[in-house]
Amino acid sequence: MQRFPFVRQCIKCSAKNLVRVDDVFLKAQQAVLYPFVPPLYNLESGQLTDSCKRAFARIFRLFDRDRDGLLSDSEIDRFQRDTYDFAVFDRDLAAWKKVVSRSNPSESNEPVLQDGKFTVHGFLTIFDVFISQNRLDVVWQALRKYNYDDDLNLHVPDSITNPEASSSWKL
């Protein structure tokens, strides 16, 4: 796996002895449902692709309710509830802040936390960590929740682009 970075996992199994065969089928299913390369990650540079960064920056802006360019604990909790249907615990937030502080994938000096809140770069780092842990299901679940396809193209629902005659819009 060191020699071939595009290989994400290796499973020793035996069809004869029925050892870890279910894992092989699970991983095959996940490979189809949650594609890895190239939409999310550039293997050569070891960073998220620009389209992936744009997508998560958009999601970040959706949850930055006070428009301060930072995600507070309550805004992260709202993201977690809306995206994954469960709340985030205080101990989990503290753990993520530690992980993000240690795992800054970029060589830049961009802060990941500011005043105890996540910056855009910190939010991107969360998903970079998930990708490095081969947890693509978490990443794709968030992207698909906010209408991104496998090529990271945003799909706007028809109900927004073609409203019914009976609906009204206010700005």
Side-chain angles (χ1 to χ4, degrees), residues 1-60 62-63 71 73 76-108 112-113 118 120-159:
M1 289 176 63
Q2 297 274 331
R3 224 170 107 204
F4 303 104
F6 56 86
V7 175
R8 298 304 302 163
Q9 219 166 31
C10 179
I11 301 174
K12 290 184 180 183
C13 68
S14 169
K16 180 180 176 182
N17 298 325
L18 298 177
V19 176
R20 298 193 70 187
V21 174
D22 54 340
D23 289 344
V24 172
F25 282 100
L26 176 66
K27 294 303 175 183
Q29 180 183 16
Q30 287 178 345
V32 171
L33 292 174
Y34 312 118
F36 177 70
V37 181
L40 296 178
Y41 205 74
N42 184 334
L43 291 172
E44 292 176 13
S45 68
Q47 295 181 341
L48 298 174
T49 62
D50 289 340
S51 56
C52 185
K53 288 177 184 178
R54 264 192 311 277
F56 280 114
R58 175 186 165 264
I59 294 168
F60 178 93
L62 290 173
F63 286 92
L71 286 185
D73 292 354
I76 286 285
D77 182 58
R78 172 49 88 212
F79 166 75
Q80 180 86 6
R81 287 175 189 268
D82 289 358
T83 307
Y84 305 108
D85 295 326
F86 60 89
V88 64
F89 298 107
D90 290 338
R91 67 178 184 274
D92 295 334
L93 271 174
W96 270 110
K97 288 176 183 179
K98 282 183 189 175
V99 167
V100 166
S101 296
R102 285 190 313 235
S103 307
N104 191 351
S106 173
E107 299 299 323
S108 70
V112 291
L113 294 172
F118 288 95
V120 174
H121 189 65
F123 189 69
L124 294 174
T125 302
I126 291 171
F127 294 99
D128 194 290
V129 169
F130 277 123
I131 291 170
S132 69
Q133 294 175 346
N134 206 26
R135 293 291 317 272
L136 301 177
D137 55 325
V138 174
V139 177
W140 279 111
Q141 187 175 356
L143 289 167
R144 290 187 177 134
K145 173 75 176 183
Y146 300 101
N147 299 319
Y148 287 94
D149 65 10
D150 287 353
D151 296 320
L152 296 182
N153 295 317
L154 178 63
H155 289 278
V156 179
D158 287 337
S159 62

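Any value given below was found using the heavy atoms of this structure, including those in side chains, with hydrogens, waters and symmetry copies removed. Please read all numbers here as calculations on a predicted model, not as lab measurements.
Side-chain atoms of F118 and T125, non-hydrogen and from C-beta on, never get closer than 4.5 Å to each other. Annotation: side chain of W96 is in contact with side chain of V129 (closest heavy-atom distance under 4.5 Å). Looking at heavy atoms from C-beta onward, L48 lies out of side-chain contact with L40 at the 4.5 angstrom threshold. Within the 4.5 Å cutoff, no side-chain heavy atoms of F60 are placed close to those of L124.
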Would F56 and V120 count as a side-chain contact (heavy atoms from CB on, under 4.5 Å) here? Give the steps. CA-CA 8 Å; F56 280 114; V120 174; over 6 Å; no
Quick one, V100 with I126, criterion side-chain contact (heavy atoms from CB on, under 4.5 Å). Give me CA distance, side-chain angles, the key distance, then yes/no. CA-CA 6 Å; V100 166; I126 291 171; 3.6 Å; yes
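Between H121 atom NE2 and K53 atom NZ the span is 8.0 Å, to the nearest 0.5 Å. Remark: D50 CG to L152 CG distance equals 11.0 Å, nearest 0.5 Å. Atom CD1 of I59 sits about 11.0 Å away from atom NZ of K145, to the nearest 0.5 Å. With rounding to the nearest 0.5 Å, the separation of CG in L93 from CD in Q80 is 8.5 Å. Here the CZ-CG distance, from R78 to L62, works out to 13.0 Å after rounding to the nearest 0.5 Å. How far CG of D92 is from CD1 of I76: 12.0 Å, rounded to the nearest 0.5 Å.
The two residues Y148 and R58 have their closest heavy-atom pair at OH-CD, 2.9 Å. When all heavy atoms of D128 and Q47 are compared, the closest pair comes out as OD2-CA, 4.5 Å. What you find for S101 and V112 is that their closest heavy atoms are CA-CG2, 4.0 Å. Between F79 and A142, the shortest heavy-atom distance links the atoms CZ-CB, 4.4 Å. For K97 against D73, the heavy-atom pair with the smallest separation is NZ-OD1, 2.8 Å. P39 approaches S51 most closely through the heavy-atom pair O-OG, 3.7 Å.
In this structure, Y41 contributes its side chain and G46 its backbone to a donor-acceptor pair below 3.5 Å. Within the 3.5 Å criterion, the main-chain N or O of V138 finds a donor-acceptor partner in the side chain of Y84. When atom types are taken as modelled, the side chain of D77 and the backbone of V88 share a donor-acceptor pair closer than 3.5 angstrom.
Proximity of the aromatic rings of F123 and F63 is defined here by a centroid distance below 6.0 angstrom, and this criterion is not met.
The side-chain hydrogen bond (donor to acceptor under 3.5 Å, both in side chains) pairs that include a residue from residues 12-22 are R20-D23, where partners are two or more places apart or lie in different chains.
For T83 and Y146, the side-chain atoms include at least one donor-acceptor pair closer than 3.5 Å.
By the side chain to side chain donor-acceptor pair (under 3.5 Å) test, N153 is found to be paired with no residue, residues two or more places apart in sequence or in another chain being considered.
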